[in-house]
Structures are given as structure tokens and as C-alpha cells.
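Since the structure comes first, as C-alpha cells, the remarks are kept for the end.
In the text below, chain A, chain B and the rest are named by the order of the sequence lines, each starting its count at 1.
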Amino acid sequence: MGNPMCDSDIENLASFKKLVRIRSRFVWTLTAILISVLAGNIYLMSLGSELGSQKIDDDSPMTIVLVYSLVSIFFSGACCIFYAWWANKYLDSMVVEIRYDVENVKVNSK
Amino acid sequence: MKYLAVAAVAAFLGVAISPSVLASIRNIDVDEQSPNIVAILIFLLFVGSTLAITYWAAKRTKSREAFYTASGGITPWQNAFAIAGDFMSAATLLGITGLLFFVGYDAYILSFAIIIGWAIMLMVIAERFRNLGKFTFVDVITCRLQGSSIRIFLSVCSLLVIMFYLIGQMVGAGKLIELLFGLEYNVAIVLVSVLMVVYVTFGGMLATTWVQMIKAILLMFGGAAIAFALLSRFGFSFDTMLEASMRVHANGANILKPGGWLKQDLLNVISVGLTMSLGIMGLPHILMRFFTVKDAIAARKSVAYATLIMSVFYIFILIIGFGSIAVLWQNPEFYDGAGDLIGGSNMVALHVARILGGDWLFGFMAAVAFATILAVVAGLTLSGSATIAHDLYSVVMKKGNPDPKTELKISRISVFIIGALSILLGLAFETQNIAVIVPFALALAASVNFPMLLLSMYWKGLTSRGALIGGCITSFFTLVLIVLSESIWVVVLGNEFAIYPYVYPTVFSLPLGFLSMWVFSLLDKSTTADIEKTLYRSQFIRSETGIGAMDATDH
């Protein structure tokens, strides 16, 4: 799977550490938010069904849980667009930088 | 190869126009859904064009890389439509709208939980998966886990998920085609199998992807047309449409409140939510699509676009599901003498299409429903053949050094075997309720495949022994809970009450999956375990950066 020395070199690269730190912070934060959104919907369908069954206002038949589900879908779609945009803009350049650094390490070791 | 292709197309045409098929097109009256000429024409157009694509793809499918992954040459948008198409199955179009029609809001958990799951999958799984694997999801998990046992276990799990899913699709296809086109059930099953074998054997992943893309576009178009026509009946006011539905439905305003299906039971809701949102991350035929694009960046874009496409589609599903109540609930033309909806709950979307757009829209949607099943079974078959030929033959039997041409040959032979098996199983399960089959596939994917995939990617301590023992325990536990649930214990075995009271076992089996794999990995003090832990560092770097990952050209 790879040379352990080389792996260790890569792991110690500042650019690699930065990539891992930023990616994991961003990804796990968004994931936690998405899981919370799912948990909210589950709550409104079970323990909080009384709240979920309430109308959003007197003039509309829509219930809170239905609106919440629709918002969940839009929010998840928005998260995907945002993540793809963010990763294209920031992560990919970091990966390019790491690959460049790795090539340099290889060249220097020769 | 060319002769084989000609033979296969001839075989299809032979089946399609054979006297038995023609004889099986029964003359049934309108109330029983007589064969619709528009549906037949659109379906023949779909089959004709996809066979032409298969012929074109066959010329480009000369290697195992091309067969399994289209040599990584699919663009992100194409892959997005194919991924979305894989998930927008007949169960989605027909099943969810039918469930919304009868039980109301609760059915929508089958939609929003999936979309949230896809968003999580994009961030947590997609790029790493593409960076670590080659052809199948088993490749990714065994990236650092040693030995044949774990690969054999995962291959069996993979094949089980595929076969259960396939049975569900085949039985659904047989029933649907019987109803829509007036074809006999067994003829319909053979027809679907022959087409699926032709697509996959000759066109491999390239043809399967194109079939899926075309179908996804048709399905989106059909969904949009019905949703638009429904809303237009109510002055494009969603509120007015809902009010009209509430007025006629037996449950009145309760259709917009939770409880119609899952009875506001926390564990039941969690179980369905987890199965839908996490089960998708363990489905082999979906995961395999990440290898059809050139790199992790393209995989990321594919999933992001696919999530958007599905989000739009699930909005259409909501409109169709609730809108159909307003136009269909009290329409006597679509109920039989006993007061049941003609064709059952799965026919809601198609009945609505007939009401809104007459024979043309009904015919179009019927053909799209058939195309949907065809495309999904083709994807499942390809995934199954990759598991047999690559995971079992190439890696386990040949220790990773097979003759590529022999592997490709075995892939194609296994497509024929899966095709034959799907006919036999489709016939054997004809009278069974398919609702008992598909949940097992999803529950197994969510409880065994997903935890193992996630732990292998993110936890250094996972060992092959821990994964194997934990996987076996969880599979067995999942199976037991499904047998004890209402769908088998009551419906199939005829008992009065279900011992396990929830729809899916996932609320218990998923935590057990994580826990057992974690505990048995911690207990594993073998030398192999040490090696596997050491290899995690390389795997981690590769998953983060793509350094050492398979490029499209390596495929």
C-alpha cells in the first residue's frame, strides 16, 4: 500500500495536516447539522408529533412537520451545492499543493 | 462477440414476438387496464434505442475495466443522472406515491431521509471511496483488511443484498407488466431478464449507465408533467390542492399529520429513518458508480448533482402523492367491485396519469415504469457479476493475479447465471409479498455493509477478524428480527401478532453492527491485526489525497 517512510513524510507535511484539519472540521460539522435535521424530523414524527401536527398558520393546511420535511430536502440539497463549491475552491487546491510537496520530497530524497 | 450480440438481440425479439407472448396479450376490458398502444410504442422505442446504445457500447467494452467501470470515462453529470436513476426506482415512483395516497405524510420519510443520507454520503463517503477502491465496494473495505475470509463474507453479503433487491424488482416488474401490458407474469419476467442480460453482457457499465440516464431523464420528465398537471388543476396553489385532498380522504386533515403509518412510535420512526438514510451507503450497485468517473473530484460532483436531481424528483413525488388524493380518491372509475383501487396501491401514479393526460400520459408513464425496472435490474446484475468475477474469482481464487480476459469472460458468464437465477427466483416468489424481501436488502446494507465501510475508512482499529465476526453476528441478528417482524411472522407465517413490532430491524441491528465490530476488533491481538493497523496510515493518506488511487487510465 505504500512506503511507510514516505507515508510518515506526507503525514508531517504542513499542507497535509492543514488539509486533514480543515476537511474534517468542515465535513463533520456539516454532517452533525444534517444528522440533527434528520433527528428533528424524527422527533416531529414521534415524541413531538403534537407540535408537528400543528398548522403553520390559520390560512394554510400545511403542518409544521410537512414544512420541516420540505425544508430538510432543500437544506440537504443546499448543503451538497455548498460542499461541492467549497471543496472545489479550497480542498482541491490543497490536494494539488500536497501532491507538489510529495513530488519534491521524492526528488530531494533521490 | 458480434455474433453473440446478434444472437442476443434475436433472442429478445424472439421472446418479444413469439406466439406465446402474442397469445399472452389478453383482451381485458378498460377497467382491468387493457394493453395501451402508446405504452407499447414508447416502450419499444426505449428498448430499440437502448439496444442501439448497447451495440455502440459493446464496441467500447473490450476490457474488464471497461466492463466494470466504463474505464472511468463517464462525466459527472452523466453519472449523476445514472446514480439518481439507480435510486429513483419503480418503488419510488409507484410505491411512495401509493403510500402517500393511503397513509398520508408518514410515507414521506422514505424521501427526505434518503436525501439527507445522500448529502451525508457526499461528505463522508464519496471521495474517500473513489480514492480507495477499484471496481467494487469490497475493494474499498479490503483495502487494508487481510485474508480471503473477509472478502468472501463481504461478497456473500453483497450478493445477498443484490439478489434480494433483484427479486423485489423482478416480482414488481412481472406484476406491473402483467397489469400494464396484459402480458403473462412469466413472460414478463423472461422479457425483463433477457433485456437485462443483453444490456449488461455486451454493453457493460457504459450501456448500463446510458440506459439508466435515459430512464432517469424520462422519469423526471414524466414526474414533472404529472406534478404540473396536478397543480394546474388547483390554480398552481399547493395549499388549495392539499385542502381538496383533505376534504375527500377518509382520514381528513390527518393525512398531513404524522402517525398514519408509523403510529408516532419513536423506535419505528428511527428505524425507518436510519434504514433509508444509511442503507444507501451500503448498496453495492450504487457505490460501484463512484468508480465510473475519472477521480474523486468527479465522484464528488456526481453525488452533489445526483442529490439535486433526486431532491427535485422527491418534491414531484410529494405533489403527486397528495394531489392524487384530490383527483383519485373518490373517482369510482378506478375502483373495483370490492371498493379496492384497481391494480393496488402501486397504481396510484399511473391512474393519476390517465386522469390528467389520458392514454398518452398513462402510456408514457407505464413505459417509463417498465424502463425504470429494466435499468435498475441491469445495474444490479452488473454489480453482482463484478462481485463474482472480480471479488471472488480474481482476488480470492486467483490471489489478485487473474488473466484479465478470463475474468471478463467470467463476468459475462455470471451475468447469464444471474439472469437465469432472476427468472427462477422471480417465478418462485411470484405469490410472495415483495414487501418482505426488499427490507432485508436495505436492512442488511444499513446494518452490515455501512458500519464496516465507515469503520474501515475512519477507524484504525478495525481488523478483518473483528469485521468478520461482527458482520456475521449482525447479519444473523438482522435476519432473525426480520423473520420475527410483521412482514414475515404475520403475513407469511400466519401468526396473529409480530414478536418484533417495528417495520425495520435497523434501530437495533445498526448499533449492534458497530458495537460487535468494535469489540471483536479490540479483542483481536493477532499479528494480522497489527499489520492491518499499520496499513491504516497509507490508506488514510490515499483516501485524503488520492495519491496512489486508481486513475481513469488505470481502470
Toward chain B, the part of A:F16 with a non-hydrogen atom under 4.5 Å
side chain

Taking all non-hydrogen atoms of both residues, which atom of A:C80 and which atom of B:A304 are closest, and how far apart?
O-CB, 4.0 Å

Do you know which two heavy atoms are closest between A:L19 and B:T545, and how far apart they sit?
CD2-CG2, 4.2 Å

For A:E11, does the CD atom have more than 12 heavy-atom neighbours from other residues, nucleotides or ligands under 6.0 Å away?
yes

For A:F26, is it the side chain, the backbone, both or neither that has a heavy atom under 4.5 Å from a heavy atom of chain B?
neither

Given A:V20 and B:F540, is the side-chain contact (heavy atoms from CB on, under 4.5 Å) satisfied, shown in steps?
CA-CA 10 Å; A:V20 172; B:F540 181 68; 3.8 Å; yes

Under a 4.5 Å heavy-atom cut-off, does chain B meet the side chain of A:I81, its backbone, both or neither?
side chain

Quick one: which of B:L256, B:N268, B:D265, B:T307 has the most heavy-atom pairs under 4.5 Å with chain A, could you say?
B:L256

Need one label for B:I270: side chain, backbone, both or neither, based on atoms under 4.5 Å from any heavy atom in chain A.
both

Measure A:V65 against the heavy atoms of chain B and call it side chain, backbone, both or neither at under 4.5 Å.
both

Quick check on A:D59 against chain B: is it the side chain, the backbone, both or neither that has a heavy atom closer than 4.5 Å?
backbone

Given heavy-atom pairs under 4.5 angstrom as the criterion, report whether the side chain, backbone, both or neither of A:I64 touches chain B.
neither

Taking it one step at a time, do B:K301 and A:N88 satisfy side-chain contact (heavy atoms from CB on, under 4.5 Å)?
CA-CA 9 Å; B:K301 288 179 182 170; A:N88 287 346; 3.8 Å; yes

Interface residue of largest heavy-atom contact number with chain B, from A:P61, A:S60, A:S76, under 4.5 Å:
A:P61

Between B:R542 and A:D7 (salt bridge meaning N to carboxylate O under 4.0 Å), is one present in this structure?
no

Do the charged groups of B:E127 and A:R23 touch, with an N to O distance under 4.0 Å?
yes

